[in-house]
Amino acid sequence: MTNIPCMKRNIHPLPEKISWFDGSLILQGEVILRVGKGLEDDAVAAMFETLFGSFTSETVTLKIRRDPVLPLFCAAIGEIVPCIPGEEWCYGIRVDEQGAALEARDMVGLRYAWYTFLQLLQRTGEEKTEGFALPHCDIRDRPAMKFRGIHLCLFPETPPDMIEKALTIAAFAKYNYVVFESFGGLEMETIRSWKDVYCSKVVISPILEKARVMGMEIIPMINSLGHATFSCDVIGKNMTLECNPHLLPYLEPYEYDWCISNPATVKLLKAARAEMYEICGSGEYFHMGGDESYFLATCDRCAAQPFLPLVTNYLNNMCEEICSEGRRPIMWSDMLLNREEWECEPDEAVYANSSQERPTHLILPELDRRFVIADWQYDLVHGKEETGAYFKSQGFDTILCPWKRPGNVETLAKAAKKDKLEGVMLTTWSRLRDMFHTIVPTASLMWNSNQPSFIQPTIITTHLCRKLCPSGGEFLKSGWANERALLD
């Protein structure tokens, strides 16, 4: 390890506090990373080594050695002595002439310290890589939001390898939750998927396990009100009935919403949740959907019952079931907003789908406060976001959910911070290919506000994708898509 002058680094997301100093540390040959006993998971240690190899193009070898003298969740290269950071910080990094120290209070912080540390590395040499330089620095960092999520859907249009790359980059960018939903793309026993297009459990399980090792919780999702077709509306498919015709009694007449008065529906969805729990692993949340339920309770059996008690009891009973299963339910917001109360300018429209015919917003006073509201207001790009604060004022933990447009992401991220909401969840739906370059800048907005967002995001994402998802020189395995994205 030697010292040379060194430039500052671009880090995504940018840490809250960085002090740069003259000098640098050069890593060459074999590097020993001493770690405290808190890093006891061999899979996490292997992930550390794999990422180091990718960021150094395998020109420097990393060896991890457990050191019982170090604080539990600290690590060090060289003779430097790590110190546990103050409670106000998630992690810290110090680099000086004695070495490099990664300092954290738990495994979450140590992972994040490692992801930042790797972005400090810069190759040295001219005709060939001779080593990697680390600038002398002191970094203190913490997230601005508790919930930093991404919603990924397994459509036939979003193959498993694209999902894996999105998860890898999101985890590295310090997202901590992913809502995982299948739109006819996942092999299931309770609700069968397309015979010719699906992803088996054998394929998806290691992808989700990799995300867990990198620090993400996988939140399973099953639409439990509308969108019971498990298909993209605009292409005219109904996976549920085309693959499971015996489920006809479980749906409303237009075959788009679940029949919520049918006990068999409740039993089926409970079994589907259990199957998704098994696929996704343990966790804190379950997303039950609940958006765009345009034809809710229209069959003869549902219509014979008072509408509001029927819907309220269905949702609250489901909340109770999900909580008894060790989870907390997340629900989309639109059916809880009265469109007549939230009228706006056309280019700043609020998605409010409760109507006079189906006044689902009236259930809000009786709705179980254990629901987390996922508020998706996709048309807000430069105006005020007010619905998130409204749900918070009604006693609900709330996350804001942008989609597609940079202005929408920036507007909702700023609102979540201003109103002190739980956080933000980037939604992608069937447009993951087109939106892939938004994952990293959205992470910066969720983490803190010290970094300009959406400046050359495609170049930044390509840079990280090459390192995090190496192709081995194969065109079809490189990048995140093999066709030009349709950006708008």
Side-chain angles (χ1 to χ4, degrees), residues 145-151 153 177 179 181 219 221-228 233 257-258 260 285-294 296 308 311-312 314-316 318-319 322 328-344 348-356 358-381 383-405 408-409 411-429 442 446:
M145 302 180 190
K146 172 188 174 184
F147 192 108
R148 305 177 305 281
I150 185 169
H151 173 219
C153 300
Y177 294 99
V179 170
E181 179 179 9
I219 302 174
M221 177 173 173
I222 294 284
N223 282 305
S224 305
L225 278 180
H227 286 290
D233 300 342
D257 301 83
W258 292 107
I260 63 174
Y285 298 102
F286 175 82
H287 200 317
M288 54 77 64
D291 62 324
E292 299 178 324
S293 304
Y294 301 122
L296 184 65
L308 292 178
V311 178
T312 303
Y314 174 80
L315 290 174
N316 283 343
M318 180 169 288
C319 178
I322 292 171
R328 190 175 177 193
I330 300 174
M331 179 181 178
W332 297 121
S333 61
D334 57 300
M335 299 303 295
L336 303 174
L337 296 171
N338 183 4
R339 65 185 59 159
E340 294 182 1
E341 296 176 5
W342 293 94
E343 293 182 356
C344 309
E348 293 287 315
V350 169
Y351 284 89
N353 285 322
S354 176
S355 63
Q356 287 185 343
R358 277 172 180 72
T360 46
H361 69 285
L362 295 177
I363 72 172
L364 197 62
E366 303 301 324
L367 192 63
D368 196 311
R369 265 47 184 176
R370 288 175 292 182
F371 274 107
V372 177
I373 304 300
D375 188 21
W376 55 282
Q377 301 303 335
Y378 295 157
D379 285 343
L380 297 179
V381 293
K384 291 176 62 178
E385 203 289 336
E386 299 178 337
T387 51
Y390 165 71
F391 284 117
K392 180 182 178 181
S393 73
Q394 298 300 305
F396 292 95
D397 288 340
T398 305
I399 56 177
L400 301 184
C401 306
W403 183 48
K404 197 166 59 175
R405 290 184 285 180
N408 183 239
V409 176
T411 296
L412 298 196
K414 289 177 182 177
K417 293 172 186 174
K418 177 179 70 69
D419 296 326
K420 295 180 171 56
L421 305 181
E422 292 296 292
V424 167
M425 179 174 70
L426 179 67
T427 60
T428 61
W429 302 107
T442 301
M446 291 190 293

Legend entry - Candidate pair Phe371 and Phe396, rule ring-ring contact (aromatic ring centres under 6.0 Å, His included), full reasoning: CA-CA 7 Å; Phe371 274 107; Phe396 292 95; 7.6 Å; no

Inset, instruction - Report the C-alpha distance between Gln377 and Asp379 in whole Å, list the side-chain angles of each, state the deciding distance to 0.1 Å, and finish with yes or no for side-chain hydrogen bond (donor to acceptor under 3.5 Å, both in side chains). - result: CA-CA 6 Å; Gln377 301 303 335; Asp379 285 343; over 6 Å; no

Legend entry - Verdict with supporting geometry, Asp291 and Trp376, side-chain hydrogen bond (donor to acceptor under 3.5 Å, both in side chains): CA-CA 10 Å; Asp291 62 324; Trp376 55 282; 4.9 Å; no

Inset, instruction - Could you walk me through whether Tyr390 and Glu386 pass the side chain to side chain contact (heavy atoms under 4.5 Å, CB included) test, one step at a time? - result: CA-CA 6 Å; Tyr390 165 71; Glu386 299 178 337; over 6 Å; no

Inset, instruction - Using the side chain to side chain contact (heavy atoms under 4.5 Å, CB included) rule, take Tyr314 and Ser224 through it: C-alpha gap first, then chi angles, then the decisive distance, then the call. - result: CA-CA 10 Å; Tyr314 174 80; Ser224 305; 4.1 Å; yes

Legend entry - Check against salt bridge (Lys or Arg N to Asp or Glu O under 4.0 Å), Arg369 and Asp397: CA-CA 8 Å; Arg369 265 47 184 176; Asp397 288 340; over 6 Å; no

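Residue Leu225 holds its CG atom at 8.5 Å from CG of Asn223, rounded to the nearest 0.5 Å. If you take SG on Cys319 and CG on Leu367, they are separated by 7.5 Å, rounding to the nearest 0.5 Å. Separating the CG atom in Leu412 from the CG atom in Asp375 is a distance of 8.0 Å, to the nearest 0.5 Å. Taking NZ from Lys414 and CG from Asp419, the interatomic distance works out to 13.5 Å, rounded to the nearest 0.5 Å. Rounding to the nearest 0.5 angstrom, the gap separating the CE atom in Met425 from the OG1 atom in Thr442 is 12.5 Å. The CG atom of Leu337 lies 6.5 Å from the CH2 atom of Trp342; values are rounded to the nearest 0.5 Å.
Across every non-hydrogen atom of Cys401 and Ala374, the tightest pair is SG-CB, 3.7 Å. In this structure, Gly290 and Met335 approach most closely via the heavy-atom pair O-CG, 3.2 Å. Of all the heavy atoms in Lys392 and Thr398, the pair that sits closest is N-OG1, 3.8 Å. Heavy-atom minimum distance, Tyr294 versus Asp257: N-OD2, 3.8 Å. Considering all non-hydrogen atoms of both residues, Glu385 and Ala415 come closest at CB-CB, 3.6 Å.
With Thr411 contributing its side chain and Val381 its backbone, the two residues share a donor-acceptor pair below 3.5 Å. Under a 3.5 Å cut-off, the side chain of Thr427 and the backbone N or O of Pro402 do form a donor-acceptor pair. In this structure a side-chain-to-backbone donor-acceptor pair under 3.5 Å is present from Arg358 to Leu296. With hydrogens and angles ignored, the 3.5 Å screen pairs a side-chain donor or acceptor of Ser354 with a backbone N or O of Thr360. In this structure a side-chain-to-backbone donor-acceptor pair under 3.5 Å is present from Arg405 to Tyr378. A donor-acceptor pair is defined here as one N or O able to donate and one able to accept, closer than 3.5 Å; no such pair exists between the side chain of Arg339 and the backbone of Tyr351. In this structure, Ser393 contributes its side chain and Phe391 its backbone to no donor-acceptor pair below 3.5 Å. Side-chain atoms of Asn316 come within 3.5 Å of backbone N or O of Asp368 as a donor-acceptor pair.
For CD of Glu341, the number of neighbouring non-hydrogen atoms (other residues, nucleotides, ligands) closer than 6.0 Å is greater than 12.
The aromatic rings of Trp429 and Trp332 sit tilted, their planes meeting at an angle between 30° and 60°.
Taking 4.5 Å as the limit, some side-chain heavy atom of Asp334 sits within range of a side-chain heavy atom of Glu292. For the pair His287 and Met331, the minimum side-chain heavy-atom distance is 4.5 Å or more. Side-chain contact between Glu422 and Met145 is absent, with no heavy-atom pair separated by less than 4.5 Å. No side-chain heavy atom of Val179 sits less than 4.5 Å from a side-chain heavy atom of Ile150. A heavy-atom distance below 4.5 Å is not found between the side chains of Val424 and Ile399. Considering only heavy atoms from C-beta on, Ser293 stays 4.5 Å or farther from Trp258 through its side chain. Phe286 has its side chain within reach of Ile222: a pair of non-hydrogen atoms, C-beta onward, lies under 4.5 Å apart.
Side-chain atoms of Trp403 and Asn408 include no donor-acceptor pair closer than 3.5 Å. Judged purely by distance below 3.5 Å, without hydrogens or angles, the side chains of Glu181 and His151 pair a donor atom with an acceptor atom. Under the 3.5 Å distance criterion, with hydrogens and angles disregarded, a donor-acceptor pair is assigned to the side chains of Glu340 and Gln356.
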